[in-house]
K.L.:
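Take a look at the following structure, please.
Because the structure is a prediction, the values reported are computed rather than measured. Just the heavy atoms: all of them, side chains too, but no hydrogens, waters or symmetry mates, feed the values below. The chains referred to below are lettered A, B, ... by the order of the sequence lines, with proteins before strands, and numbering in each begins at 1.
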Amino acid sequence: MADYRMHLLVCGGTGCKSSESEQIRDNLLAEVERYGLNDEVQVVMTGCFGFCGKGPIVKVLPDNTFYVLVKPEDAATIVEEHVVMGRKVNDLLYLDPESDEPISDSKQMDFHKKQVRIALRNCGVINPENIDEYIARDGYAALATCLSEKSPQQVINEIKLSGQRGRGGGGFPTGLKWEITSKSQADQKYVVCNADEGDPGAFMDRSILEGDPHSVIEAMAICGYCTGSTKGLVYIRAEYPLAIQRLKTAIHQAREYGLLGDVIFGTTFSFDITLRYGAGAFVCGEETALIHSMEGLRGEPTFKPPFPSESGYLGKPTTVNNVETLASIPVIINKGAAFFNSIGTEKSKGTKVFALAGKINNVGLIEVPMGTTLREVIFDIGGGIKGGKKFKSVQTGGPSGGCLTNSFLDTPIDYDNLIAAGSMMGSGGMIVMDEDDCMVSIAKFYLEFTLDESCGKCTPCRIGNKRLYEILDKITKGLGTEEDLTRLRSLCNVIKDTSLCGLGQTSPNPILSTLDNFYDEYLAHVRDHKCPAGQCKSLVKYSIDNEKCTGCTLCFRNCPVGAITGEKRSPHFIDNAICIKCGVCYDKCKFDAVSVS
Amino acid sequence: MNKIKSFDDLKQLREGLQAKIKQRNSGSNPESIVRIKVAMSTCGIASGAKEIMNFLTDELEQQSIEAVVTQTGCMGYCYAEPTIEVSLPGKEPIVFGDVDTFRAAEIIEKYIIHNELVDGILPVNYRTIDN
Ligand SMILES: Cc1cc2nc3c(=O)[nH]c(=O)nc-3n(C[C@H](O)[C@H](O)[C@H](O)COP(=O)(O)O)c2cc1C
Ligand code: SF4
Ligand code: SF4
Ligand code: SF4
Ligand code: FES
Ligand code: FES
């Protein structure tokens, strides 16, 4: 049996593979063999290191040396110098971007990792159904510190100082929100955790509740202490059964330890939490609608002010916070406001969790400091676009957000920059699109979602969005005109200005941002009646090339609607009046005779 | 369960738990054993994490390898589910992605028994806030 003293890890993520990392592996293997080191050194392929921009990557264990931009011909040098002679190959080390010095110590290398996990600190680390594992990682120490060493106002000041802003979408300063509730006078106040998470593509709140439910419970208790509330409510959608089950287990365990209930940590502070289930309406994530839904009323928003902090659940002062906002609170207390404040941009502090989805290689959940660029997120951590296709756009902020282009790739992500770019942070869904995506269809997809989810209370949103959808539908069918584009824009602005709640006020964003960033594509639809991405079925036309067609009859036999005619061994023909554009003939033809235009 | 009545109670409990974990992971402790965490969030379970967890438990028991298999939450590598993390005594934990029963068997045979790595390790691509 081999007892390896050294391992050479070659990145086999999609990004590095496309720049010959398999060849690097083969060369390393050959070199190791040449020196007869097969029993001492093992070469293995790994997944993505989250550093694809500097790929291909080779990492050496146990000394943790990190080589970047490795070429197949470097394999000989790595084995000769590093493995045999024990000297690091300086030319291949990562250069510190500031000092331009090569980094050989793995600890310093860590510092350059793009992701920092605060809200996700325990996800994938602890067993979420075992409170002891949470306590071993400083769990409930923040609550204990607050109760035994700080006054509510001191804690609020700490949160204010940290610069924490709400992660539910709005970005309202958390400390200020707590202060308003704490100053409102009432016999009962409430803490509400918003776990409705309705954005298509977002699943960070679910993952936090499934992976680290105690962090949310602890933060709700801290919020209760600060605001003078003894009751906490978690509003969670019933479609999240595992999150519900883990949250229930966690609440039960916290009660057993006396961390929820009366006389917490031997003080006079009491706090307990109950769950409320939502039926999965997107609008119920809006805080006033959420409160009405918990009161047993229809899940419809009402006008603000009064804000929930003054008059919320049952008319009492209520602090509504998002799951991710809460999950970071214990860290702010334990590590101090200055720690949190040192991460991020001037006006957006800390880290943000994003759910990467769409045409991206490393679909998953990531957490990065505010101020990270879209390029780093998509091309380094996300591993770039699937299938080596071209990046076209990234959608942030879900149905309230917008589609950003190439030119925004180097914009640091924070609340204000995203709004200035015509999108928004939202809850952190990030959907990546490639050259095959039609932006008009994307806008239509979001509008369809809005139409389904509008509560119907106010006219601009209920009727206006329907009209927007109809115009988009017309355009994707090739029946749109240039006037439609003008109408689209002015109607968008009216809806934004006159809707009652955030849903209607932001629903035109997907259209406005695509009009701004992809106007040519709209023009191609209305002027030339063409869909450049080939997505709008009504606008594509299938035809058979007489020269190439051999008359094999394969397409004729497979067409589901009998749109193809032709004699055996002579060119076939598609009747476009019958064709439903299913694309079967295109896929089936072995002679490349069917073309799409 | 004893109630935690003060900050000192909590600190005591925490220290006890941390000492236990440290001992369990140290290479020099003869009682250290293999520890495996299986990512069991909704998406992990949907990709078959439960079967992998059962398979690992059964297989390790059959081969009389002393090990603790526990569940954990999302590790963030949704593209490579099911994912598991294996900690051998005295070694850094290693995360394996796309683990089906075939790969699980390979991980036991090669990594756990023979301390050989297998293809498909997922490097830790984030910084933690511990220290
Ligand atoms: C249509 C709509 C949907 C919303 N959905 C959510 C949601 O699913 N989760 C959430 O936390 N906040 C959601 N919000 C924001 C909430 O109204 C509220 O601002 C937030 O929960 C406050 O918490 P935070 O300050 O911690 O972000 C939504 C807002 C609107 C207008
Ligand atoms: S904007 Fe839309 S969702 Fe909001 S209250 Fe009006 S109709 Fe309902
Ligand atoms: S499958 Fe292609 S080659 Fe065969 S008849 Fe159809 S178009 Fe012609
Ligand atoms: S696209 Fe579909 S419906 Fe149209 S001709 Fe080809 S097979 Fe027939
Ligand atoms: S670092 Fe190699 S593919 Fe990402
Ligand atoms: S939920 Fe699967 S890795 Fe995140």
K.L.:
May I ask you to decide if B:Gly97's main-chain N or O and B:Arg103's side chain share a donor-acceptor pair within less than 3.5 Å?
P.N.:
yes
K.L.:
State, with a plain yes or no, whether a side-chain heavy atom of B:Thr72 is found less than 4.5 Å away from one of A:Asn127.
P.N.:
no
K.L.:
Verify the neighbour count for atom CD of B:Glu92: are there more than 12 heavy atoms of other residues, nucleotides or ligands below 6.0 Å?
P.N.:
no
K.L.:
Heavy-atom cut-off 4.5 Å, strictly under: side chain, backbone, both or neither for B:Lys5 against chain A?
P.N.:
backbone
K.L.:
Count the heavy-atom pairs under 4.5 Å between each of A:Ile366, A:Leu242, A:Val263 and chain B, then report the option with the highest count.
P.N.:
A:Leu242
K.L.:
Is A:Arg117 salt-bridged to A:Glu367, cutoff N-O under 4.0 Å?
P.N.:
no
K.L.:
Which bit of A:Phe339 is near chain B, if near means a heavy-atom gap under 4.5 Å: side chain, backbone, both or neither?
P.N.:
side chain
K.L.:
So, B:Glu51 and B:Thr101: side-chain donor and acceptor under 3.5 Å apart, yes or no?
P.N.:
no
K.L.:
What are the two closest non-hydrogen atoms of B:Ala39 and B:Ala49, and how far apart are they?
P.N.:
O-CB, 3.5 Å
K.L.:
Using the ring centroid of each side chain, check whether A:Tyr257 and A:Tyr140 are separated by less than 6.0 Å.
P.N.:
no
K.L.:
Select one option (side chain, backbone, both, neither) describing which atoms of B:Val118 are under 4.5 Å from chain A's heavy atoms.
P.N.:
backbone
K.L.:
Looking at A:Met45, is its backbone amide N or carbonyl O close enough to the side chain of B:Asp119 to form a donor-acceptor pair, meaning the two atoms are under 3.5 Å apart?
P.N.:
yes
K.L.:
Could you name each residue pair satisfying salt bridge (Lys or Arg N to Asp or Glu O under 4.0 Å) that touches residues 123-150 of chain A, not counting sequence neighbours?
P.N.:
A:Glu129-A:Arg246, A:Arg137-B:Asp130, A:Asp138-B:Arg14
K.L.:
What option among A:Gly139, A:Pro128, A:Ala243, A:Gly12 has the most heavy-atom pairs under 4.5 Å with chain B?
P.N.:
A:Pro128
K.L.:
Sort out for me which of B:Val95, B:Asp9, B:Thr70, B:Asn125 touches chain A most, counting heavy-atom pairs under 4.5 Å.
P.N.:
B:Asn125
K.L.:
Can you list the residues of residues 351-360 of chain A that sit under 4.5 Å from chain B, counting heavy atoms only?
P.N.:
none
K.L.:
Relative to the ring of A:His214, is the ring of A:Tyr134 parallel (under 30°), tilted (30 to 60°) or perpendicular (over 60°)?
P.N.:
parallel
K.L.:
For a quick check under 3.5 Å, do B:Ser6 and B:Asp8 share a side-chain donor-acceptor pair by atom type?
P.N.:
no
K.L.:
Can you tell which part of A:Val10 gets under 4.5 Å to a heavy atom of chain B, answering side chain, backbone, both or neither?
P.N.:
neither
K.L.:
Using a cut-off of under 4.5 Å for heavy-atom pairs, which of B:Ala80, B:Gly120, B:Pro123, B:Gly73 has the most such pairs with chain A?
P.N.:
B:Pro123
K.L.:
Could you look at A:Thr145 and say if it's the side chain, the backbone, both or neither that has a heavy atom under 4.5 Å from chain B?
P.N.:
both
K.L.:
Which one wins on heavy-atom pair count under 4.5 Å against chain B: A:Arg121, A:Gln42, A:Arg255?
P.N.:
A:Gln42
K.L.:
So which of B:Met40, B:Gln71, B:Gln18 has the largest heavy-atom pair count under 4.5 angstrom toward chain A?
P.N.:
B:Gln71
K.L.:
Do you know which of A:Cys48, A:Gly261, A:Ser148 has the most heavy-atom pairs with chain B at a distance under 4.5 angstrom?
P.N.:
A:Cys48
K.L.:
Step through the shown structure and confirm whether more than 12 heavy atoms of other residues, nucleotides or ligands are within 6.0 Å of CD on B:Glu61.
P.N.:
no
K.L.:
Among B:Ile45, B:Ile4, B:Leu17, who wins on heavy-atom pairs under 4.5 Å with chain A?
P.N.:
B:Ile4
